[in-house]
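Structure first, then comments.
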Amino acid sequence: MRLADTLRFARDAALGYPLRTTLSVLAMSIGVAAVVVLTALGDGARRYVVGQFSSIGTNLVIVLPGRTGTGGFNPANVVTTTPRDLTIADAAALRRASAIRRVAPLAVGTSEISYGGRLREIMVAGSTAEFLPMRNFELVQGRGLPDGDWNSAGAVAVIGAVVRDELFGTEPAVGKLIRVGDRRLRVIGVLKPSGQGLGMNTDELVIVPVALAQAMFNTNTLFRILIEARSREAIPLARQQATEIIRQRHHGEEDVTVITQDAILATFDKLLGTLTLGVAGIAAISLAVAGILVMNVMLVAVTQRTGEIGLLKALGAPARTIRLVFLTEAAMLSSFGAVVGYLLGQLGALALRLAFPVFPAYPPDWAVIAGLSTALGTGLLFGVMPARRAARLDPVQALMKH
Amino acid sequence: MSLIELANIERSFRLGDSVVHALASLDLSIKAGEYVAVMGPSGSGKSTLLNLLGLLDRPNAGRYRLEGHDVTTLSSDQLAQVRSERIGFVFQSFHLVPRLTAAENIALPMTLAGIAPKERQARVAQALKDFGLDQRADHRPDQLSGGQRQRVAIARATIMRPALLLADEPTGNLDRHTGEEVINLLEGLNAQGVTLVIVTHDQALGARARRRLLMEDGRLQHDSAAAPDSPPISHAPG
């Protein structure tokens, strides 16, 4: 039997039972669509997190108090307690390292801010002039923190866009006096709205000189020291020099953890990549189920068309032709289902992107290829058994069932 | 040379614990161009004989030579090829593929044999004309009358120009008038040289054949070719 005839015969056979065909195509397409959408979600999460980490700055090295393990990033670092505190002097000492371009100490706390009778809770970040350029923050009005002695607590503040909107509305904010905690500060700058930055919403942030923040929170310790290496290649050296300087200052004890942005990125990339893979695996189960459904449908088809199979044999069709006709039909059902599912999945991913514009929900190529080929593979694999059963039917018995 | 030569054919089926001998020590020879009616009560082995002649079934013992070749030793794919090229089947219940048009049903044996579409088209067009189905080419079986369906089936059975045409109760599902038409058609084909074997229990139909075989309990009870003078069946229809 010619290829074109086999294809046409299988197609006509599939179209001859519309409900059955629709259901198996639907099952297969749901399976493929699940793979596409779920991996789009997983990979979107990966891209989102990686994007967030990249946006906190370039070539960053972060020093945090406390020692855990021999390196790398551990989520426990974020909440660990401090054996020996980091101080402004520690941060200042790092500035002399050759691989380090800029350093910004960071002290963090929460406080109340009020202006004109309006009051709200905000996060206060104490830092220095270089904090804004290092974190890629931009100003829409005014200027940044004053450059100069890190230990002088000038009563000034740079406020986030949301803080400005809520306290001042349409009034100009720069030059106004606000109250933060029990201090009166002058607003000198307003940050550009960005809405992103690692759980710390910069739009609701108030940035003050680091010494002022320490005074407000009655402490002399730092939350973090941010370091910018001279170049991407200098990151390992910057990390090594920072560790060494802090160790010397802390009487030879290595009681800080120095992490690099790259290490965090790599960790999250790996973590979320594995997650995507796991999600794809779960979705693949639905593909296997769809394959079994195709097999079931084909077995029913063989039973329903026993008389026809007998006729084909009487008309001189060899076993190979009959196997091929049924296998082709199974392949058609699953490949058509796979294509429909792929389109549905892309549509779903598009809908996700439209609903959440910040979330880059694109299915990765490997998942699309794996999903489509698994669909075809299971369809063929599960089509073999019914096709063999059809080819093995006894023609005399088969002809009697009509 | 005989078209068909059966020598000492045995065919038995196992039904539970008992063995049913559908055909027992059967010897039969049919020449090319003969018109043979196989008759007998149900269960006499007529259909088993027809399936065997059509290579759909194999004997348990004995030898079957078709056109001088021993076909009992062929593989099932070789048998399929012989069926495709040399044998045509006409069934009581027509056995048309319901989703295919009349033209596609007629073309089916050629499609299965891998004949080029162009030649298929020409031969189907000719067959539609010969069998008076030109106006019905694009109709599906459920849009055809019983007589038309059987004509499509006969056109399909002869489209590969077989040497042997096997018909199992070809008029069984038809009224007297259309049955008559179908038999005329088959006899016309026989007149053109096709060997025709009809299984029937219709006495009138059987009487039209030049040679009549009477089966009973898996044995050949009577062969009109061997004893041409005696009537095949004593109780005439009436």
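Heavy atoms only: backbone and side chains are in, while hydrogens, waters and symmetry mates are out. In this text the structure is predicted, and so the values were computed from the model without any measurement. The sequence lines fix the lettering, A, B, ..., with proteins before strands; numbering per chain opens at 1.
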With a 4.5 angstrom heavy-atom cut-off, is it the side chain or the backbone of [X] that approaches chain A, or both, or neither?
X: B:T111; answer: both
X: B:R140; answer: neither
X: B:I115; answer: backbone

As an exercise, state the distance from [atom1] of [X] to [atom2] of [Y], rounded to the nearest 0.5 Å.
X: B:D57; Y: A:Q397; atom1: CG; atom2: CD; result: 9.0 Å
X: B:E104; Y: A:D5; atom1: CD; atom2: CG; result: 10.5 Å
X: B:L108; Y: A:M1; atom1: CG; atom2: CE; result: 7.0 Å
X: A:L315; Y: B:N105; atom1: CG; atom2: CG; result: 9.0 Å

Within a 6.0 Å radius of atom [atom1] on [X], are there more than 12 heavy atoms belonging to other residues, nucleotides or ligands?
X: B:Y64; atom1: OH; result: yes
X: A:Q304; atom1: CD; result: yes
X: A:Y17; atom1: OH; result: yes
X: B:D142; atom1: CG; result: yes
X: A:D12; atom1: CG; result: yes
X: B:H139; atom1: NE2; result: yes
X: A:R388; atom1: CZ; result: no
X: B:F13; atom1: CZ; result: yes

Review point. Picking from B:L56, B:N51, B:D168, what satisfies side chain to side chain contact (heavy atoms under 4.5 Å, CB included) with A:L399?
Key: B:L56
Review point. Who among B:R156, B:M110, B:Q78 has the most heavy-atom pairs with chain A under 4.5 Å?
Key: B:R156
**Study point:** Leading residue by heavy atom contact count with chain A [cutoff under 4.5 Å; candidates B:A113, B:A157, B:P109, B:A116]
**Key:** B:A116
Review point. Which bit of A:A4 comes within less than 4.5 Å of chain B, counting heavy atoms only: side chain, backbone, both or neither?
Key: neither
Practice item. Would you mind checking which part of A:L312 comes under 4.5 Å of any heavy atom in chain B, side chain (CB onward), backbone (N, CA, C, O), both or neither? Key: both
Check your understanding: Is there a side-chain contact between B:F91 and A:L311, using heavy atoms and a 4.5 Å cut-off?
Key -> yes
Review point. Any idea which of A:P318, A:G16, A:G310 has the most non-hydrogen atom pairs under 4.5 angstrom with chain B?
Key: A:P318
Check your understanding: Which heavy-atom pair separates B:G114 from A:R2 by the least distance, and what is that distance?
Key -> O-NE, 3.0 Å
Review point. Taking the six-membered ring of A:F9 as reference, does the NZ or CZ atom of B:R99 fall below 6.0 Å from its centre and within a 45° cone about the axis?
Key: yes
